[in-house]
Visitor: 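Structure provided below as structure tokens; questions to follow.
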Amino acid sequence: MKLKNIKLTNPYLELPSLCYDRVKPTPLKKPFLIHANQEVADMLGIDISEREALTQFVNGELKLEGSDNFAMCYAGHQFGHFVPRLGDGRAINIGTLNGLHMQLKGAGQTLYSRSGDGRAVLRSSIREYLMSEAMHGLGIETTRALAIIGSEHSVYRQRWEKGSIVLRVSPSWVRFGTFEYFAHSQNHKELEALADYAINECYPHLNNENDKYLHFFTEIMGKTARLMAEWQAVGFNHGVMNTDNMSVLGITIDYGPYAFLDDYDSNFICNHTDQNGRYSFGNQPRIGEWNLRALALALEPLVRKERLEKILEHYGRLYSRHFLYLMGRKLGLDEVSDEDFDFIRQMLGMLQSLHVDYTLFFRTLSHYDGDRKALLKLGLLHTPMNEWLDEYDEYLSDNKTNQTKRQENMLEVNPKYVLKNYMLQEAIEQAESGEFSLLHDLFTIAQNPYAEHKGLERWAKATPDEFKNQKLSCSS
Ligand code: AMP
Ligand code: MG
């Protein structure tokens, strides 16, 4: 449907007015369309062939029928410290279509901007735009993005950069921190209304349950445990796992200084400001649990504390089960059980000590037919890899799946491409000089990371040494 014929709804505005603040977007100067996502347009049912109208829409200049603009209020634990009021400081909601809530990220100040300018610079918008698509391509639930625009609008971040907006969509923008806001401010009526809203939005099958708030927490815990396992299995470090960046739908949201692992390193910290490594790669599952504990505390006015705590006791087991399942698939094994954890741990230790590229290892292993040459080439030393492969051979001999089928299965779960930071950096530098071809290429491989992409094989190699394991700052 053409943009001008579309009608939006705003279900969030039916909540008490403490939950949001109405605000108009402040358009960027001289906007231009950089990229649009046809798949997301199809999900929304929007015809994006009129590029001029689409640009105006993403720039907040074209208001669709029924659209009511607002920013959401939330709190959050940032690096373990509670901040009673955060909120959408630079994201403005513009309405809901086909169950997807649309936000303009970088469209100017809101009531919750504090000292911020409400803008997003081109580099941070490109990172969000490409990575949400890459996450989806990897089969991990995430927010998506309809389009990204650039502009001639100057924005200051230690240097002058250009402002940009991403129109991002999600089936829910409710965060752990949204509940923390109302619990901390003792607005229990709003807390209950929010819980009812979130259940309706995320877990409607719970609507008629007796203990729906307890079940709500159980669902969030299960989804979060699964998400943590998925991040660990694919080698993704989020970088800012504050409770305001945790979705009650258990999907990946708010892309900042994230990274995919280069060489495997469980201690890797992608966020430059995270000096103590609270959000290091290896800590993520534990932080997921810490954040769920903060959410449980916020839900105490609705559910007895002991009952929430009982549910939380299952987190570790749920996480491990998912992780084991995913690693079993990555290794091409028919069956895995708790006893195989040692074997997986041994493998990760081996990858870490030999400085092996995590993604490349599994992709190479997917072609393994007994000839070890390609695998041995990936590490600094041969002996630890050979010892591990001796054991792997034994595992494979217990497999019922034949070698060809095993290889096929593994190639479907071990990506050839992940968007590492050095690749994004090159696309960003190009984009800053007005050239977007690499952004288009990275979008293509993000959408289908398991396929071979002719002409783009360069991006499937190990990260060049000079770009390995670098940290990024939050200033975006
Ligand atoms: P983040 O680390 O991106 O999740 O942001 C944490 C909080 O800071 C959120 O409430 C954001 O909306 C807010 N924020 C981040 N950058 C800006 C900005 N440039 N202007 C206003 N608020 C911002
Ligand atoms: Mg955030």
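Counting starts at 1 for both ligands and their atoms, in listed order.
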Visitor: So for atom CZ, which belongs to Arg85, do other residues, nucleotides or ligands contribute more than 12 heavy atoms lying within a distance under 6.0 Å?
Guide: yes

Visitor: Are side-chain N/O atoms of Ser437 and Glu435 paired as donor and acceptor at under 3.5 Å?
Guide: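 Present: a donor and an acceptor within the cut-off.
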
Visitor: Heavy atoms only: which of Ser124, Gly87, Ala120, Ala71 is nearest to atom 9 (C) of ligand 1?
Guide: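 Result: the heavy atom closest to atom 9 (C) of ligand 1 is in Gly87.
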
Visitor: Going by the ring-ring contact (aromatic ring centres under 6.0 Å, His included) test, name the single residue among Phe236, Tyr417, Phe281 that passes it with Phe260.
Guide: Phe236

Visitor: Atom OH of residue position Tyr325 - does it have more than 12 heavy atoms of other residues, nucleotides or ligands inside 6.0 Å?
Guide: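 Counting other residues, nucleotides and ligands, OH of Tyr325 stays at 12 neighbours or fewer.
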
Visitor: Can Arg114 be said to touch ligand 1, with heavy atoms closer than 4.0 Å?
Guide: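 Yes; Arg114 lies near enough to ligand 1 that a heavy-atom distance drops under 4.0 Å.
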
Visitor: Between Trp290 and His77, does the ring centre distance come in under 6.0 Å?
Guide: yes

Visitor: For His35, check side chain to side chain contact (heavy atoms under 4.5 Å, CB included) against everything at least two apart and list the hits.
Guide: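 Residues passing side chain to side chain contact (heavy atoms under 4.5 Å, CB included) with His35: Tyr129, Ile148, Leu439, His440, Phe443.
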
Visitor: With the Mg ion (ligand 2) as the reference point, give the N/O/S atom of Asp254 that is nearest.
Guide: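 It is OD2, the N, O or S atom of Asp254 closest to the Mg ion (ligand 2).
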
Visitor: Can you list the ligand 1 atoms lying under 4.0 Å from a non-hydrogen atom of Gly116?
Guide: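 By the 4.0 Å cutoff, the relevant atoms are 20 (N), 21 (C).
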
Visitor: Which of the numbered atoms in ligand 1 are below 4.0 angstrom from a heavy atom of Asp254?
Guide: 4 (O)

Visitor: Taking the six-membered ring for Trp, are the ring centroids of His184 and Phe82 within less than 6.0 Å of each other?
Guide: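 Between Phe82 and His184, which both carry aromatic rings, the centre distance is below 6.0 Å.
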
Visitor: Considering only heavy atoms of Gln78, which atoms of ligand 1 have at least one such atom less than 4.0 Å away?
Guide: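 Under 4.0 Å from Gln78, ligand 1 has these atoms: 6 (C).
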
Visitor: Is Leu86 close to ligand 1, meaning an N/O of one under 3.5 Å from an N/O of the other?
Guide: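 There is no such contact.
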
Visitor: Answer with side chain, backbone, both or neither: which part of Arg119 has a heavy atom less than 4.0 angstrom from an atom of ligand 1?
Guide: backbone

Visitor: Among the heavy atoms of Arg157, does any lie under 4.0 Å from an atom of ligand 1?
Guide: yes

Visitor: Going by the atom numbers of ligand 1, which of them fall below 4.0 Å from some non-hydrogen atom of Gly118?
Guide: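 Matching atoms, with element in brackets: 18 (C), 19 (N), 20 (N), 21 (C).
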
Visitor: Taking only Lys NZ, Arg NE, NH1 and NH2, and the carboxylate oxygens of Asp or Glu, determine whether Asp244 and Arg175 approach each other closer than 4.0 Å.
Guide: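 Here Asp244 does not pair with Arg175 in a salt bridge, since their nearest N and O are not under 4.0 Å apart.
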
Visitor: Can Gly256 be said to touch ligand 1, with heavy atoms closer than 4.0 Å?
Guide: no

Visitor: Just to be sure I'm reading this right: ignoring hydrogens, which of Ala91, Gly89, Cys73, Ala75 gets closest to atom 22 (N) of ligand 1? Compare them by their nearest heavy atoms.
Guide: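 That would be Gly89.
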
Visitor: Can you tell me if an N/O/S atom from Asn242 lies under 2.8 Å from the Mg ion (ligand 2)?
Guide: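 It does not; every qualifying atom lies at 2.8 Å or beyond.
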
Visitor: Got a salt bridge between Asp357 and Lys461, using NZ or NE/NH1/NH2 to carboxylate O under 4.0 Å?
Guide: no

Visitor: Could you tell me whether Arg159 and Glu161 have a side-chain N and a carboxylate O separated by less than 4.0 Å?
Guide: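 Salt bridge between Arg159 and Glu161, a charged N being under 4.0 Å from a carboxylate O: yes.
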
Visitor: If we only count N/O pairs under 3.5 Å, is Val240 in contact with ligand 1?
Guide: no

Visitor: With respect to atom 1 (P) of ligand 1, which of Asp88, Asn245, Thr273, Asp117 exhibits the smallest heavy-atom separation?
Guide: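 It is Asn245 that holds the nearest heavy atom.
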
